[in-house]
Amino acid sequence: MKTKLIDWPTFIGALVLLLGVTLPLIIFPEAGKEVVSQANTFMTENFGVLYMIMGFVIFAFLVYVAFSKNGSIKLGDEGEKPEFNTFSWAAMLFAAGIGSSILYWAVIEWAYYYQGPPFGVEPGSKEAIQWASAYGMFHWGPIAWAIYTLPALPIAYFYYVRKKPVLKVSEAVRPVLGDSVDGPLGNVIDVLFMFGLLGGAGTTLALGTPMIAQGINSLTGIPANLGLKTVIMLLCTLIFAISSYSGLKRGIKVLSDVNLWLSIFLLAFIFIFGPTRFISETTFNALGILADNFFKMATWMEPFGNLGQFESTSFPEYWTIFYWAWWLVYAPFVGLFVARISRGRTIRQMVLGTMVYGTLGCVLFFGIMGNFGLYMQLTGQFDAIAFMDANGAPATIVEIINQLPLAKFMVLIFTVLAIIFLATTFDSSSYILASVVQKNVEGEPLRWNRLFWAFALCLMPLALMFLGGLDTLQTASIVGGFPLIVIMFLLAWSFMKASNTDIRESDDYEPSTIHIRRWKNRKKKKKRSALEALEDKPDQD
Ligand code: NM2
């Protein structure tokens with residue numbers, strides 16, 4: 001077992017923090033819940049606006065980067081082809097960044113908005129229906145994907161352009177923080193990121209498990225109790241541990257491809273055998289609502305509600321802020337992962353690819369699955385809202401799928417897909433966690449290390465599951481990720497600083513990027529034409 005490669009302070013730091021938070025929550029569940037919930041209220045009430053600003057600014061920043069000269073920089077050597085073709089790249093990106101939660105929320109999110117819409121709209125009204133069809137897409141749309149993409153910029157830049165074989169968040173802020181990242185500050189940054197990811201992944205696993213349990217219950221009749229959920233969690237851990245163990249090019253890639261094909265099958269089936277026209281029209285319509293209200297949604301804080309001007313719904317805290325926080329805790333991980341698979345692409349391709357393919361994928365899920373549920377509700381074929389009141393969200397989700405033709409088969413596909421979605425997020429998470437606790441990663445992180453983090457990932461969710469309650473889960477990721485707002489800012493700054501310096505000094509700089517070479521040529525061309533003009537002058541005279 002090679003242990004010299006391991007960055008022990010980060011490894012131990014992350015483990016201690018993980019156990020330090022998880023064990024008390026298991027030992028004192030009630031008190032733990034209370035503390036976590038108070039921390040949440042404090043954070044979202046006082047700092048919610050920070051999350052909103054962060055989301056919006058990151059979006060604007062990435063659009064800028066994509067179309068700036070920095071966007072033309074190539075991640076890799078000149079003439080190098082992308083390591084993965086675009087289909088596999090998009091599949092891996094989506095499979096890593098999106099887990100089983102998309103199956104959960106795409107099917108049911110509309111029901112929450114229908115009953116609790118924003119903007120002071122009457123619950124259950126015609127207007128609420130419109131928002132219900134569009135808001136999910138917003139929370140899984142361009143701003144969300146921009147949050148995912150930001151960390152990929154500096155990380156990919158240092159890995160493939162400056163060729164530093166370190167996949168760490170701390171390494172990516174070196175241009176701003178200097179060599180202090182080699183000391184405790186660097187460890188703190190990496191540990192914070194790892195902790196955030198463990199919290200975010202906890203939310204995913206704790207949402208996904210009851211839904212998978214309900215799927216199995218619907219297929220076999222086995223009661224969806226804590227025992228079944230524990231077995232499911234352990235089984236999923238086993239699957240993703242094997243996938244992560246077998247590495248990026250085998251396990252992770254194969255599982256991602258299966259994931260994509262199965263998703264396409266499920267979506268196509270619902271679209272074709274469900275209410276095709278309603279789904280097409282409502283999805284298209286929702287895109288219009290989204291485009292029309294993008295800024296309004298991106299900035300909605302309900303400030304007047306707090307002053308009693310109209311009924312306070314806490315919509316921003318419950319939804320947009322919670323979502324941005326959840327995307328945020330996953331962001332460095334997805335950034336590391338996107339960076340790792342983007343060799344041979346330009347920054348622009350990476351940024352636009354993530355934002356466009358990511359959003360498109362989510363729009364398809366929400367448009368097809370969500371509007372199928374909404375259709376059942378509005379036509380009275382299945383009263384999902386009443387069913388949810390009586391049986392909870394996971395059972396309602398499975399029941400909505402049960403309304404499809406070939407119901408049993410489709411629930412089977414849905415359940416298997418949920419397991420694979422979960423596994424593909426967790427195999428890449430453990431892969432990345434392992435990379436972060438290594439001093440360098442030339443090829444792949446060590447196998448035992450990958451395996452170790454695969455099992456560690458399961459600990460927090462298990463604890464959260466015994467704690468119960470969605471609120472606590474949402475909270476865990478918000479609280480865990482707060483310091484990442486600052487780190488995101490440092491990451492953006494760091495990328496701009498490093499890439500601008502390299503572009504400026506590109507004459508001395510090894511031209512490993514398309515742009516820097518082209519940019520140089522352009523400068524030369526300009527010089528030449530000025531010279532030519534000079535030379536031409538006497539002739540003209
Ligand atoms: N996000 C995309 O469970 C999952 O789908 C993982 C969740 C951040 C809302 C990511």
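Note that these values count all heavy atoms, side chains included, but never hydrogens, waters or copies made by symmetry. When a ligand or atom number is given, it counts from 1 through the structure's own listing order.
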When you check ligand 1 against the protein, what N or O pairs turn up below 3.5 Å? List the atom names and distances, or just say none.
unit_1: ligand 1; atom_1: 3 (O); unit_2: Ser101; atom_2: OG; d: 2.3
unit_1: ligand 1; atom_1: 3 (O); unit_2: Thr204; atom_2: OG1; d: 2.7
unit_1: ligand 1; atom_1: 5 (O); unit_2: Gly99; atom_2: N; d: 2.5
unit_1: ligand 1; atom_1: 5 (O); unit_2: Gly99; atom_2: O; d: 3.3
unit_1: ligand 1; atom_1: 5 (O); unit_2: Ser101; atom_2: OG; d: 3.3

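The six-membered or imidazole ring of Trp89 lies away from that of Phe94, with a centre-to-centre distance of 6.0 Å or more. The aromatic ring centres of Trp140 and Phe366 sit less than 6.0 Å apart.
To the nearest 0.5 Å, atom CD1 of residue Ile108 and atom CG of residue Leu103 are 12.5 Å apart.
Taking Asp292 as the reference, nothing meets the salt bridge (Lys or Arg N to Asp or Glu O under 4.0 Å) condition, with sequence neighbours excluded. Every residue two or more places apart in sequence or in another chain that forms a salt bridge (Lys or Arg N to Asp or Glu O under 4.0 Å) with Arg343 is listed here: Glu80. Judged as a side chain to side chain contact (heavy atoms under 4.5 Å, CB included), and not counting sequence neighbours, the contacts of Pro117 are Val121, Pro123, Ala128.
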